[in-house]
Amino acid sequence: MMAFCRKLLSPTDFLPLPLSVQNSLRCIELNSPFSPKGITGITTDLIKSYFDEGSIEEAHSLFDEMPHRDVIAWTAMITGYTSCDHHNRAWNMFSYMLRDGVKPNAFTVSSVLKGCKELKALSRGKLVHGLAIKIGTQGSSIYVDNALVNMYATCCDSMDNARLVFEDIVTKNAVSWTTLITGYTHRRDAYGGLQVFRQMFMEEGELSPFSFSIAISACASIGSSNLGKQVHAAVINHGFESNLPVMNSILDMYCRCRCASEAKQLFGEMTQKDTITWNTLIAGFETLDSKESLCIFLQMVAEGFSPNGFTFTSVIAACANLAVLYCGQQLHGEIIRRGFDNSLELSNALIDMYAKCGNVADSHKIFSQMSLTNLVSWTSMMIGYGAHGHGKEAVELFNEMVRSGIKPDKIVFMAVLSACSHAGLVDEGLRYFRLMTSYYNVAPDREIYGCVVDLLGRAGRVNEAYELIENMPFKPDESIWVALLGACRKHKQPTMGKLAALKVLDMKSNKAGTYVLLSNIYAAEGNWADFASLRKLMKSSKNKKEVGRSWIELKNQVYSFVVGDRYVSSNEEIYEVLKLLIRHMKDVGYVLDLDLDCFVHDLEDET
DNA sequence: GTAGGGTTAG
């Protein structure tokens with residue numbers, strides 16, 4: 001015992017120790033040897049300090065040396081391990097505690113349940129639930145009840161249990177409500193979450209800003225600005241407008257519901273802003289208007305806010321969307337200067353950016369230099385290869401990924417199938433389509449079938465593509481027929497093309513492009529009666545084909561233009577570059593597809 | 001001396 005105290009009080013330990021631990025030791029000095037906490041209490045205090053500083057091993061050895069460990073000390077260890085994401089060590093501590101005959105209290109039970117929740121370990125959670133009933137903590141501690149709801153709401157297939165425990169809570173507090181709403185929302189049942197949110201008002205439950213943020217995030221996840229606006233109004237009515245996380249989630253909701261002007265207005269009216277506010281707007285505009293997203297980024301820096309990894313991930317994605325290589329490279333330099341270049345997510349965004357800017361070699365350079373990769377890194381690299389027609393490299397990368405132990409998901413299969421499709425590796429692609437279910441146990445969905453239709457269609461195997469559509473376990477949607485129609489157009493298959501076009505129009509799709517393609521087919525087969533009636537229909541419905549837009553980056557400025565654009569034509573330098581590009585395309589053997597494209601443009605001019 | 005819920009990435 002004396003040796004233990006001497007170790008604790010040794011002045012040589014003071015200097016390298018974290019500040020909070022030093023403070024605890026000073027407290028011992030002040031109180032020792034007649035500390036009111038007792039030596040066990042002071043040591044527990046120290047253990048907590050070590051965990052707070054992330055010094056796990058120090059906390060562990062201190063606990064090992066404790067001559068007497070009470071329930072509070074054990075619980076501090078369990079909580080400490082849980083806070084450092086060492087959930088299995090927390091569970092082991094709990095087992096040792098029970099083995100030592102120490103009776104857990106409500107603090108212990110709620111901490112252990114949190115660990116079960118993090119591990120999504122339902123069976124362990126159920127054991128603890130049983131124990132909680134046995135020792136009488138369920139129903140007597142709101143912390144235990146809420147932790148049970150949280151554990152069941154997070155584990156798979158146990159939402160009913162979460163609901164049962166929740167309904168049994170006599171005095172539900174704000175945490176109980178928020179936990180249940182979060183449970184539904186995080187398992188992608190936004191309507192379920194919003195229903196509980198509504199129930200909370202009806203039962204006059206305790207309101208808190210937390211429940212408002214999660215309800216808003218539920219509205220965002222279903223893209224309902226209508227519901228989002230209602231919750232926004234409730235936020236104002238209940239005086240939560242001054243809560244920054246709530247306002248940030250409303251901003252995110254407007255962005256994700258594609259309400260750009262509402263988002264901009266709210267942002268302008270917000271009196272308080274933090275990095276998350278800026279990042280939310282920048283990330284939101286990355287998909288809504290990438291150029292604007294870059295402008296907001298400049299504004300953020302000008303106003304003295306420090307961009308972080310999230311910020312750079314969004315602006316790099318914006319550069320990818322705009323295909324502005326020079327801008328992306330400058331930002332990459334800034335990322336390295338600021339030391340964010342070892343971020344996994346950011347490296348993934350850079351792989352995508354370089355590939356979309358036509359520089360797949362630099363994508364690979366980033367990919368190969370990454371110390372840590374995940375499924376997204378491999379997928380981004382495969383998408384990059386696929387888009388550049390390097391199907392073989394994409395397939396090799398897929399095999400390498402599987403060898404490295406990463407389990408493929410649906411999206412990586414889409415990347416491989418698309419890469420095979422663009423490189424004409426039809427049989428290779430079909431092999432992966434088969435392996436997907438038979439070997440990798442990934443269920444193909446409608447989008448995967450769309451990829452396979454595209455794979456067959458691009459190669460001109462339109463009949464096989466049609467057969468696949470007819471036999472797939474889903475009702476074909478518009479995009480699948482559009483893919484087949486595109487293939488028929490490319491391979492000049494008017495009969496199948498007519499069928500696909502009629503299917504698209506059957507789906508009440510008012511896509512003018514489909515009308516144009518169908519009328520082209522009628523014209524080509526000399527069916528002038530149908531051609532004329534379709535053109536009449538197009539004129540009456542005022543359908544206009546969305547204009548195809550191209551862009552060119554010149555001297556750090558992006559110019560966007562459409563066919564016959566006078567603005568671009570008047571800029572001599574751009575015109576010269578375009579002429580150069582066309583000459584280069586002809587030199588490498590590209591033949592302009594004039595017959596159909598001119599027809600489309602003629603029609604556009606007329607409508 | 002030990003316990004809880006929310007907002008930003010293929």
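Chain naming here is simple, since letters A, B, ... match the order of the sequence lines and numbering starts at 1 in each.
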Taking any heavy-atom pair under 4.0 Å as a contact, classify [X]: base, sugar-phosphate, or nothing.
X	answer
A:Asn374	nothing
A:Ser208	base
A:Ala415	nothing
A:Arg69	nothing
A:Asp274	nothing
A:Thr277	nothing
A:Thr79	sugar-phosphate
A:Val246	base
A:Thr82	nothing
A:Asn105	base

**Prompt:** Going from OG on A:Ser293 to CZ on A:Phe285, what distance comes out if it is rounded to the nearest 0.5 angstrom?
**Reply:**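 These two atoms lie 9.0 Å from each other.
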
**Request:** Could you grab the distance from atom CG of A:Leu62 to atom OG1 of A:Thr44, nearest 0.5 Å is fine?
**Result:**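 It is 9.0 Å, given to the nearest 0.5 Å.
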
**Request:** Apply the side-chain contact (heavy atoms from CB on, under 4.5 Å) test between A:Met159 and each candidate in A:Leu180, A:Thr154, A:Leu164, A:Asp189; give the one that qualifies.
**Result:**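 That would be A:Leu180.
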
**Asked** Can you find a side-chain donor-acceptor pair between A:Thr108 and A:Trp74 that sits under 3.5 Å?
**Response**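 No, no side-chain donor-acceptor contact under 3.5 Å.
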
**Item:** Heavy-atom closest contact (A:Ile316 atom, A:Gly328 atom, distance)
**Value:**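 Heavy atoms of A:Ile316 and A:Gly328 come nearest at CD1-O, 4.0 Å.
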
**Asked** Taking all atoms of both residues into account, what is the closest heavy-atom pair of A:Val144 and A:Ala106, and its distance?
**Response**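 Answer, listing the atom of A:Val144 first, then A:Ala106: CG2-O, 3.5 Å.
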
**Prompt:** Does atom NZ of A:Lys120 have more than 12 heavy-atom neighbours from other groups under 6.0 Å away?
**Reply:**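 Count not over threshold, so no.
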
**Message:** Please give me every residue in residues 338-354 of chain A whose heavy atoms get under 4.0 Å of an atom in DNA chain B, ordered by residue number.
**Reply:**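 Hits under 4.0 Å, by residue number: A:Glu345.
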
**Prompt:** A:Ser363 side chain to A:Ala355 main-chain N or O, any donor-acceptor pair under 3.5 Å?
**Reply:**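 Judged by distance alone, yes, a pair lies under 3.5 Å.
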
**Geometric cation-pi criterion A:Lys273 and A:Phe305, 6.0 Å radius, 45° cone** =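 No; the conditions do not both hold, so A:Lys273 does not lie above the ring face of A:Phe305.
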
**Message:** Need two values: the first and the last nucleotide of DNA chain B, 5' to 3', having an atom under 4.0 Å from any heavy-atom of chain A.
**Reply:**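 Listed 5' to 3', the contact boundaries are B:dG1 to B:dG10.
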
